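Following: one structure in structure tokens, then a few remarks.
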There are 2 protein chains.
Amino acid sequence: MIPPFRLDQCCPSRSLLADLADKWSLMILYVLSHGDCRFNELKRRCEGISQKSLTQSLRRLERNGLVSRQVLDTSPVAVEYRITPMGKDVSTPLKALLSWAYAHSEEVERARAAFDQKTAAK
Amino acid sequence: MIPPFRLDQCCPSRSLLADLADKWSLMILYVLSHGDCRFNELKRRCEGISQKSLTQSLRRLERNGLVSRQVLDTSPVAVEYRITPMGKDVSTPLKALLSWAYAHSEEVERARAAFDQKTAAK
DNA sequence: CGGCATCCTTTTGGATACTG
DNA sequence: CAGTATCCAAAAGGATGCCG
């Protein structure tokens with residue numbers, strides 16, 4: 001368990017959280033949890049990501065041992081990214097989080113509208 | 001369920017993901033899921049966050065209906081932040097994710113060391 | 001205490017061109 | 001196809017001063 005109520009900088013999960021807790025990393029892991037995927041297909045599936053950001057995120061995920069990179073010697077070259085056992089592991093709570101986001105998006109939308117109206121009123 | 005394999009920009013969970021998937025928001029929600037907390041105490045518990053970032057993150061969470069802000073009329077003024085029912089809801093998968101990060105931090109550390117060594121070798 | 005406003009630096013990220 | 005390198009604009013984020 002995590003020590004309650006507090007997340008110190010020395011807490012070992014902090015640096016991992018910093019690498020994992022961004023939109024693209026979560027999306028990439030989500031996509032890869034459904035199956036191996038090549039670079040450009042991944043780029044299409046994470047709609048809106050730039051090639052640069054995709055490369056960076058993939059390297060970071062690879063460095064953390066969550067994704068592996070396999071170069072196939074075809075011509076032209078093909079590179080396949082796949083989720084590692086550890087990546088598969090983290091994708092379980094991750095999917096739960098995304099499912100929640102998907103299920104509650106309307107409720108959140110209403111909360112946003114209410115907040116914006118209250119804010120604008122002043 | 002989320003439509004598999006793909007997360008389009010039009011997907012309603014995307015804008016929520018963009019607001020939620022950052023280090024500070026996750027940490028704040030985590031802390032607040034353990035109980036109400038005032039501004040400066042929250043700042044201490046999210047070690048390393050600046051006042052500006054904390055304010056911004058709190059407003060964003062409040063806007064999304066995950067956190068509520070209560071001004072107590074004491075002197076000097078006190079402001080208490082608390083998690084909403086919806087925030088409590090999302091904190092479940094969130095805690096699972098953080099627990100995972102905490103439990104696997106050593107394994108990730110090893111993966112990083114191996115990757116860095118392999119990379120430096122070239 | 002809990003902010004907001006401002007300034008300024010640092011980081012991020014898109015666009016583009018080029019490569020094996 | 002899957003990148004790398006470079007440049008540049010935009011955004012994030014820290015530091016500081018002020019206020020109810």
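Everything quoted here is computed from the prediction, not taken from an experiment. By convention in this document, chain letters (A, B, ...) are assigned in the order of the sequence lines, proteins followed by strands, and residues within each chain are numbered from 1.
Distance, D36(B) CG to dG2(C) P: 13 Å, rounded to whole Å. Remark: C1' of dG14(D) and CD of E47(B) are 16 Å apart, rounded to the nearest angstrom. As rounded to whole Å, 13 Å separates atom P of dG3(C) from atom CD of Q70(B). Here the P atom of nucleotide dG3(D) and the CG atom of L72(A) are 11 Å apart, to the nearest Å. If you measure from atom CZ of R44(B) to atom P of dC1(C), you get 8 Å, rounded to the nearest angstrom. The CG-C1' distance, from D22(B) to dA11(D), rounds to 14 Å in whole Å. As rounded to whole Å, 10 Å separates atom P of dT4(D) from atom CG of L58(A). We find that CG of L54(A) is positioned 16 Å from C1' of dT12(C), with the value rounded to whole Å.
Contact annotation: Y81(A) reaches the phosphate of dG3(D) (side-chain N/O to OP1 or OP2, under 4.0 Å). Within the structure, a side-chain polar atom (N or O) of R38(B) is placed less than 4.0 Å from OP1 or OP2 of dG2(C). At dG2(C), none of the side-chain N or O atoms of T55(B) fall inside 4.0 Å of OP1 or OP2 (strictly under the cut-off).
No donor-acceptor pair closer than 3.5 Å links the side chain of R69(A) to the backbone N or O of L58(A). Side chain of T84(A) to backbone of S68(A): no donor-acceptor contact under 3.5 angstrom is found.
Closest to the K52(A) side chain, of the nucleotides dC1(C), dG14(C), dG13(D), is dG14(C). Relative to the side chain of R69(B), the nucleotides dG2(C), dG14(D), dT4(D) differ in distance, and dG2(C) lies closest. In the set dG14(D), dG3(D), dG3(C), dG3(C) carries the atom at the smallest distance from any side-chain atom of Q51(B).
Atom CG of residue L20(B) and atom NE2 of residue H104(A) lie 12.0 Å apart, to the nearest 0.5 angstrom. How far CG of L66(B) is from CD1 of I28(B): 11.0 Å, rounded to the nearest 0.5 Å.
Position along DNA chain D of the nearest nucleotide to E80(A) versus W24(B) favours E80(A) as the more 5'-ward residue. Residue P76(A) is the one, among S50(B) and P76(A), whose nearest nucleotide of DNA chain D lies closer to the 5' end (criterion: closest heavy atom).
Residue V77(B) is in base contact, counting any heavy-atom pair closer than 4.0 Å across all strands shown.
Under 3.5 Å, the side chain of E41(A) and the base of dC1(D) form no donor-acceptor pair of N or O atoms.
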Please walk me through it: do T119(B) and D116(B) pass side chain to side chain donor-acceptor pair (under 3.5 Å)?
-> CA-CA 5 Å; T119(B) 304; D116(B) 292 345; 5.3 Å; no
